[in-house]
2 protein chains.
Amino acid sequence: MQQAATTAERGKLRCSCGACAPHICSIPAGLDASDLIRLDANVRDKRVLERGKTLFRQGDAFHSLYVVRAGSLKTFAEAADGDVQVLGFHFAGELAGIDALADERHQCTAEALEHTLVCELPYARLQRIARDIPSLQHQFVRIVSSEIVACQAHLVMMGKHQALERLAIFLSSLAERNGRLSRDTESLVLTMSRQDIASYLGLVIETVSRLFARMEQDGILEVDRKSIRIVRPDRLATLCGNAVKPSALRYDSYIA
Amino acid sequence: MQQAATTAERGKLRCSCGACAPHICSIPAGLDASDLIRLDANVRDKRVLERGKTLFRQGDAFHSLYVVRAGSLKTFAEAADGDVQVLGFHFAGELAGIDALADERHQCTAEALEHTLVCELPYARLQRIARDIPSLQHQFVRIVSSEIVACQAHLVMMGKHQALERLAIFLSSLAERNGRLSRDTESLVLTMSRQDIASYLGLVIETVSRLFARMEQDGILEVDRKSIRIVRPDRLATLCGNAVKPSALRYDSYIA
DNA sequence: CGGGATTTTGATATTTTTCAAATATCGTGG
DNA sequence: CCACGATATTTGAAAAATATCAAAATCCCG
């Protein structure tokens with residue numbers, strides 16, 4: 001097995017946009033710096049999405065995976081009758097498009113919730129490189145499997161928890177993810193609509209609105225439109241019980 | 001790329017227990033007969049499970065994937081407070097254990113619902129072989145990704161459909177899977193308890209019991225304990241709307 | 001500043017759960 | 001083979017949670 005890249009080498013790569021690709025395979029995959037540079041070269045480019053624009057649509061042919069660099073996405077499945085189910089939200093550092101690997105077609109639509117930057121990782125190129133780097137393939141399987149785990153956590157939330165708990169778990173998850181980006185786990189900006197939150201939680205919008213009001217009255221949150229301050233993280237955590245928080249897949253979770 | 005195995009060669013392999021492994025990678029992976037035989041040799045062995053026995057437990061170290069040969073399994077996640085969420089049911093030809101690839105630890109428990117036979121596929125051996133057969137690795141990623149798609153369908157069912165529709169979707173899914181094994185899509189034997197069904201659907205047992213009664217009164221089903229006859233498949237389908245049925249992953253779905 | 005979209009709020013209806021009890025089923029030992 | 005106890009399932013009545021419908025308030029954007 002090859003020597004892993006030094007911390008300095010990885011840090012340097014991570015500063016460029018191309019840092020997306022190395023994340024997929026760094027330490028645990030045991031790659032060296034030249035491998036990383038090779039992957040780095042295979043990030044096609046950044047793409048900018050305005051709010052409401054789609055990155056890919058349900059049914060589209062699959063070509064690439066995407067890493068959110070800045071901004072946020074929602075992914076959702078749409079039934080023939082137009083019914084929408086929001087499946088997840090994706091923030092900086094998180095990955096989208098993995099459910100398309102199964103049959104080379106996207107199973108959901110990814111839409112920008114705000115001005116958003118993504119990096120595109122053409123899958124054909126990733127595969128070509130992976131042929132020479134067995135550990136990358138293995139790493140890849142682990143990443144796809146993580147998405148199953150995230151989806152199962154979402155399922156448990158829907159199956160076992162009532163409305164107030166679901167919202168608490170959702171907000172905790174956002175706070176946690178936000179904390180990794182900004183070091184602030186007590187304030188949130190909700191880039192998604194109340195309708196999106198409701199769909200994600202399997203509720204109607206009125207219920208979500210009332211739950212926000214209730215949490216504010218109870219002194220747990222301060223809610224100002226899209227801005228949330230978690231006044232009592234302890235009580236929010238209590239509402240979550242010992243639930244596993246569904247999240248989105250992070251590249252970083254594969255870096256030691 | 002190598003020549004794919006002939007139909008005859010594949011048929012022969014499929015008759016042995018070792019047919020589990022070849023399924024994972026046959027036609028679309030472009031393997032030849034010697035590859036198949038090599039995989040065949042790497043099915044450790046059959047395991048027999050009595051009703052109630054576990055194949056693996058949440059938290060266990062991951063070693064192998066399993067294919068159900070006969071009988072059935074349920075998989076479920078258990079919270080710290082003992083709350084259980086059934087995540088799926090697995091019948092002959094279906095795969096279990098995939099969610100453990102992410103961090104080498106099983107994320108759920110798999111328990112036999114009846115006298116059940118499984119084949120064990122030691123993952124370390126699969127990996128070793130895959131190193132020489134790139135298409136197998138790719139195939140593997142597809143399989144894992146399929147599990148995401150199945151989980152998302154389950155999520156849509158929980159998020160968008162009310163109780164009666166959920167049960168209808170569940171029964172349709174079972175009938176469909178049953179049909180592939182027995183050619184009979186109109187009668188079912190439910191190997192799982194009402195409690196298991198309730199948990200899977202995110203309901204309580206009393207609700208499920210009442211729904212069965214209602215469907216029977218409406219002339220859609222004949223319910224006799226664990227045996228179900230679908231008297232009016234058309235009306236059951238109507239209740240399902242155009243929902244995608246969540247299922248479990250089949251090896252066969254990767255055979256052309 | 002105006003107007004459409006989003007969100008909130010209130011009143012009511014519906015669905016589902018909860019609690020309690022009755023009934024049925026299953027496995028086991030006599 | 002039957003009885004018995006444990007377990008699972010069904011049924012009923014009432015409570016709770018959530019959805020629906022309607023309208024008001026607020027926000028956002030040009």
Side-chain angles (χ1 to χ4, degrees), chain A residues 50-53 74 83-86 111-115 157-171 188-218 221-228 239 241, chain B residues 50-53 74 76 83-86 111-115 157-171 188-218 221-228 239:
Chain A
E50 292 312 316
R51 181 168 188 270
K53 296 297 177 201
K74 66 174 170 183
D83 251 22
V84 161
Q85 172 68 47
V86 171
E111 181 184 317
L113 294 170
E114 60 189 311
H115 184 89
M157 188 176 77
M158 300 278 252
K160 288 290 150 206
H161 297 285
Q162 56 181 44
L164 187 67
E165 298 172 299
R166 290 188 213 173
L167 183 58
I169 292 167
F170 170 68
L171 291 174
L188 289 174
V189 176
L190 304 175
T191 56
M192 68 294 294
S193 69
R194 296 289 195 267
Q195 179 59 66
D196 290 334
I197 297 172
S199 173
Y200 179 78
L201 299 178
L203 301 169
V204 294
I205 184 175
E206 294 96 325
T207 302
V208 170
S209 180
R210 278 183 250 269
L211 292 174
F212 272 119
R214 189 159 137 207
M215 285 195 183
E216 183 158 36
Q217 287 208 320
D218 289 357
L221 303 178
E222 271 170 24
V223 183
D224 173 21
R225 199 82 196 109
K226 300 278 190 185
S227 299
I228 306 289
L239 286 177
Chain B
E50 293 311 317
R51 180 167 189 270
K53 297 296 176 201
K74 67 173 171 182
F76 60 91
D83 251 21
V84 161
Q85 172 68 47
V86 171
E111 181 184 317
L113 294 169
E114 59 190 312
H115 185 91
M157 188 176 80
M158 301 276 253
K160 288 291 151 202
H161 298 286
Q162 55 181 46
L164 186 67
E165 298 173 298
R166 290 188 213 174
L167 183 59
I169 293 168
F170 170 68
L171 292 175
L188 288 173
V189 176
L190 303 175
T191 56
M192 67 295 292
S193 69
R194 297 288 195 269
Q195 179 59 66
D196 290 335
I197 297 172
S199 172
Y200 179 77
L201 299 177
L203 301 169
V204 296
I205 185 174
E206 293 96 326
T207 302
V208 169
S209 178
R210 280 183 250 267
L211 291 173
F212 272 118
R214 189 159 138 207
M215 285 195 183
E216 184 158 37
Q217 287 209 322
D218 290 356
L221 304 178
E222 271 171 23
V223 182
D224 173 21
R225 197 85 194 107
K226 300 278 192 184
S227 300
I228 307 289
L239 286 177

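The basis for the numbers below is simple: all heavy atoms, side chains too, and nothing from hydrogens, waters or symmetry mates. A, B, ... follow the sequence lines: proteins, then strands. Residue 1 opens every chain. Being a predicted model, the structure only gives us computed values, none of them experimental.
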R194(A) side-chain N/O to dT8(C) phosphate OP1/OP2 under 4.0 Å: yes
Mind calculating the distance between CZ (F212(A)) and P (dT6(C)) to the nearest angstrom? 17 Å
For Q195(B), report the nucleic acid contact type (base, sugar-phosphate, nothing); a contact means any heavy atom under 4.0 Å. sugar-phosphate
Pairs under 3.5 angstrom only: tabulate donor-acceptor contacts from the side chains of residues 206-217 of chain A to other protein residues two or more places apart or in another chain.
| residue | atom | partner | partner atom | Å |
| --- | --- | --- | --- | --- |
| E216(A) | OE2 | V223(A) | N | 3.0 |

Would you classify S209(B) as touching base, sugar-phosphate or nothing, given that sugar-phosphate means primed atoms plus P, OP1 and OP2, and contacts are heavy atoms under 4.0 Å? base
Take atom CG of L211(B) and atom P of dT16(C), then tell me their distance rounded to the nearest Å. 7 Å
How do R166(B) and R225(A) order along DNA chain C: which one's closest nucleotide is nearer the 5' end? R225(A)
Report yes if a side-chain nitrogen or oxygen of T207(A) is closer than 4.0 Å to either non-bridging phosphate oxygen (OP1 or OP2) of dA19(D); otherwise report no. yes
Could you state the atom-to-atom distance from CG of L190(B) to P of dT9(D) in whole Å? 10 Å
Taking for each residue the nucleotide of DNA chain C bearing the nearest heavy atom, is the 5' side occupied by Q162(B) or by R210(A)? R210(A)
Rounded to whole Å, how long is the line connecting atom CG of L203(B) with atom P of dA16(D)? 20 Å
Any idea which of dA19(D), dT11(D), dT8(C) is nearest the A213(B) side chain? dT11(D)
Indicate yes or no: does K160(B) engage D83(A) in a salt bridge with an N to O separation below 4.0 Å. no
Between K226(A) (side chain) and T191(A) (backbone), is there a donor-acceptor pair under 3.5 Å? no
Run the side chain to side chain donor-acceptor pair (under 3.5 Å) check on D196(B) and S193(B) step by step: do they pass? CA-CA 5 Å; D196(B) 290 335; S193(B) 69; 3.3 Å; yes
Can you measure R214(B) atom CZ to dT14(C) atom P for me and round it to whole angstrom units? 13 Å
Value in whole Å for how far the P atom of dT15(C) lies from CG of L201(B): 17 Å
Round to a whole Å and report the spacing from CD1 of I205(B) to C1' of dT25(C). 13 Å
Between Q85(B) and S199(B) (side chain of the first, backbone of the second, donor and acceptor by atom type, cut-off under 3.5 Å), is there such a pair? yes
Write down the distance between CD (E216(B)) and C1' (dT10(D)), rounded to a whole number of angstrom. 12 Å
Check whether any side-chain nitrogen or oxygen of K226(B) sits under 4.0 Å from OP1 or OP2 of dT9(D), and answer yes or no. yes
